[in-house]
Amino acid sequence: MGRRLSLARVPAVATTMVVMLWLGSSLCVSAVARAGAGTTGAVAEQQRHPVVLIPGTGGNQLEARLTEDYKPSSLVCRVWPLVRGRGGWFRLWFDPSVLVAPLTRCFAERMTLSYDADADDYRNAPGVETRVSDFGSTSTLRYLDPNLKLLTGYMNTLASTLEEKAGYEEGRDLFGAPYDFRYGLAGPGHPSQVGSAYLQRLRLLVESACAANGGRPAILMAHSLGGLFALQLLARSPPPWRAAHVQRLVTLSTPWGGSVQEMLTFASGNTLGVPFVDASLIRDEQRTAESNLWLLPTPKVFGNTTLVVSRSHNRSYSAKNMTQFLRDIGFEVGVEPYSARIRPLVEALPEPGVPLTCLVGTGVDTVESLVYGDGGFDEDPEEVVYGDGDGTVNLASLVGPIKAWSDSPAQVVEVVELPKVYVK
């Protein structure tokens with residue numbers, strides 16, 4: 001296979017994540033056509049490659065139940081939610097109760113992870129059990145709250161477009177791979193029980209999807225953090241497995257080298273656009289997520305560029321002194337897992353080993369650097385400098401690493417630029 005770096009541009013659109021996913025679905029249909037169907041319309045069943053959708057951070061429902069070991073911070077947290085399902089399970093993410101301040105605290109303490117230094121791995125908070133339901137189905141990633149479809153639609157537009165425009169059918173050749181997005185993966189020699197178990201489930205799902213569709217390899221379509229998981233699945237699989245089971249990887253807004261906005265999340269909290277939520281109430285919880293450490297800017301992409309300035313500490317921070325940043329924001333417990341588990345993981349960014357198509361939003365103001373004043377990191381930044389990107393991920397992270405992959409004789413890379421496409 002000859003090397004190819006193809007850059008295309010799509011006409012500018014004023015849109016949000018829904019349109020990004022719609023554009024992605026159109027491109028995925030095109031990928032099916034290139035695989036041998038010969039048309040971008042409805043594809044004959046015997047020619048159609050199965051599609052597996054992999055969501056990004058917060059991109060699927062997450063359920064929880066509380067055991068007797070749970071120590072609520074208030075009476076409200078002890079009794080909420082009033083109505084729970086069979087076995088005591090309830091939807092932890094997303095639920096509109098997170099918008100109410102007393103319940104925001106309950107949400108945060110239940111979402112919190114802890115790093116067990118002795119086990120060198122992450123765990124749920126005591127007394128909190130979590131699960132991802134309907135693995136293999138797209139049901140939990142179409143809408144984050146099935147009772148608020150209009151407000152919480154996520155991958156439904158993408159899945160519906162594949163069904164209506166290309167003839168895909170849920171459970172036959174269209175599958176979903178939801179996961180507990182708080183957890184991540186670790187570098188060589190370090191356990192990652194939840195993340196590794198997810199990769200194994202994903203591997204088996206891909207294999208079963210191929211087997212159910214005449215042995216045709218699958219198209220993996222991943223958004224944001226899901227692209228990093230997909231890359232690790234491919235990197236940890238031998239070439240014969242990749243060739244037999246994956247036709248193409250299509251990514252939407254994957255932060256290959258992290259995002260400067262993640263430093264805002266760690267420093268002062270980030271509501272991710274959810275209205276009425278006090279960032280200070282969820283900051284501590286956000287810091288504990290293993291996957292958030294994974295999404296910090298990487299030295300490989302951002303180098304010595306100043307990303308954060310703190311006047312109260314009289315210090316500036318780049319991706320290369322991230323451990324000092326974590327200490328100065330008061331998150332000392334994050335230094336060891338970042339140094340030992342995350343840095344080795346992000347320093348090596350192996351090529352996928354399958355044809356890759358990347359959809360990237362450009363021309364949207366994206367956080368490039370932050371300046372914190374004398375009030376320190378407990379206050380919002382005094383100044384935010386913006387640069388190019390998709391509104392969440394910096395352009396350098398979106399395209400820098402994949403341009404390097406194009407130098408490989410065996411790696412096909414296509415970059416589809418979507419001007420003025422804002423992504424959350």
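Source: prediction; values computed, not measured.
Classification of R341 and E336 as a salt-bridged pair fails, no side-chain N sitting under 4.0 Å from a carboxylate O.
Aromatic ring pairs are classed by plane angle as parallel below 30°, tilted from 30° to 60° and perpendicular above 60°; the pair F325 and F377 is perpendicular. Under the 30°/60° scheme for interplanar angles, the aromatic rings of W405 and W256 are found to stand perpendicular. Classified by interplanar angle (parallel below 30°, tilted 30° to 60°, perpendicular above 60°), the ring pair Y198/Y179 is tilted. Using cut-offs of 30° and 60° on the angle between ring planes, the pair F331 and F266 is tilted.
Heavy atoms of other residues, nucleotides or ligands lying less than 6.0 angstrom from CD of E347 number more than 12. For R105, the CZ atom sits in a loose shell: 12 or fewer heavy atoms of surrounding residues, nucleotides or ligands are nearer than 6.0 Å. Within a 6.0 Å sphere centred on CG of N314, other residues, nucleotides and ligands contribute 12 heavy atoms or fewer.
For the residue pair Y122/S192, the side-chain donor-acceptor check at 3.5 Å is not satisfied.
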Test side-chain contact (heavy atoms from CB on, under 4.5 Å) on D378 and R283 and set out the steps.
CA-CA 10 Å; D378 288 331; R283 180 183 63 176; 3.0 Å; yes
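You'll find the ring centres of W294 and F229 inside the 6.0 Å limit.
Annotation: cation-pi pair R48/Y168 present, NZ/CZ under 6.0 Å from the ring centroid and within 45° of its normal. Relative to the ring axis of W241, R236 does not place its NZ or CZ within 45° and under 6.0 Å from the centre.
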